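Note that the structure is predicted; figures quoted are calculated from it, not measured. The first residue in the sequence is number 1, and the count goes up from there.
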Amino acid sequence: MAKGPIQAAISDGVLTFTWMFCASAMGVVVFIIESTLGVQGNYLFSLIILTSVVAVIIFVFDAMAEALGGASFNPAGNATMYAAGMPGDTIVSMALRFPAQFGTSR
């Protein structure tokens with residue numbers, strides 16, 4: 001699905017804002033799961049729970065990115081693909097996407 005640079009910037013902004021909201025809530029989610037399971041203080045279980053939560057969030061965000069037409073919450077990935085010469089981004093679209101990703105992550 002081809003989309004213009006403005007649409008890409010808006011999609012990136014929405015995805016980045018949602019990612020930052022979910023990333024900031026991961027600690028609370030892990031704490032709630034630990035409390036429910038009664039495994040607080042056990043670092044091995046904490047690591048397993050955190051890894052599972054991150055895996056689920058990345059799976060969900062991958063589906064969201066596809067639904068938004070290839071949006072990205074990681075500006076380093078966009079810059080790498082552009083520098084490698086991968087098709088899809090122009091200098092104009094990169095100039096619009098970076099501020100959208102940066103501005104919505106603050």
Side-chain angles (χ1 to χ4, degrees):
M1 175 173 149
K3 62 181 180 176
I6 302 287
Q7 240 180 340
I10 292 170
S11 297
D12 286 351
V14 168
L15 193 67
T16 303
F17 176 79
T18 311
W19 173 262
M20 294 306 291
F21 179 78
C22 288
S24 66
M26 267 192 252
V28 175
V29 170
V30 170
F31 176 77
I32 291 170
I33 293 171
E34 285 177 350
S35 297
T36 303
L37 297 176
V39 293
Q40 286 177 311
N42 188 331
Y43 294 112
L44 179 60
F45 283 119
S46 296
L47 182 62
I48 291 169
I49 292 168
L50 178 63
T51 304
S52 301
V53 168
V54 169
V56 167
I57 288 175
I58 288 177
F59 178 76
V60 169
F61 271 82
D62 186 44
M64 281 177 58
E66 285 298 316
L68 289 171
S72 173
F73 58 88
N74 184 2
N78 292 345
T80 303
M81 294 302 168
Y82 179 74
M86 299 296 289
D89 279 324
T90 64
I91 194 71
V92 172
S93 69
M94 295 300 290
L96 292 171
R97 290 178 87 172
F98 280 144
Q101 291 168 336
F102 180 76
T104 56
S105 69
R106 300 289 170 229

Gap between atom CD1 of Ile32 and atom CD1 of Ile49 - 0.5 Å precision: 12.0 Å

Gap separating the CG atom of Leu44 from the CD1 atom of Ile48, nearest 0.5 angstrom: 4.0 Å

Distance-minimising heavy-atom pair for Thr51 and Leu47: OG1-O, 2.7 Å

Gln40 side chain reached by Phe45 side chain, heavy atoms, under 4.5 Å: no

Identified side-chain contact (heavy atoms from CB on, under 4.5 Å) partner of Glu34 from the options Val29, Asn42, Val39: Val39

Distance-minimising heavy-atom pair for Ser11 and Leu68: OG-O, 3.3 Å

Least distance between heavy atoms, Thr18 atom then Val14 atom: OG1-O, 2.8 Å

Euclidean distance, Phe31 CZ relative to Thr36 OG1, rounded to 0.5 Å: 9.5 Å

Ile58 side chain near Trp19 side chain, heavy-atom distance below 4.5 Å: yes

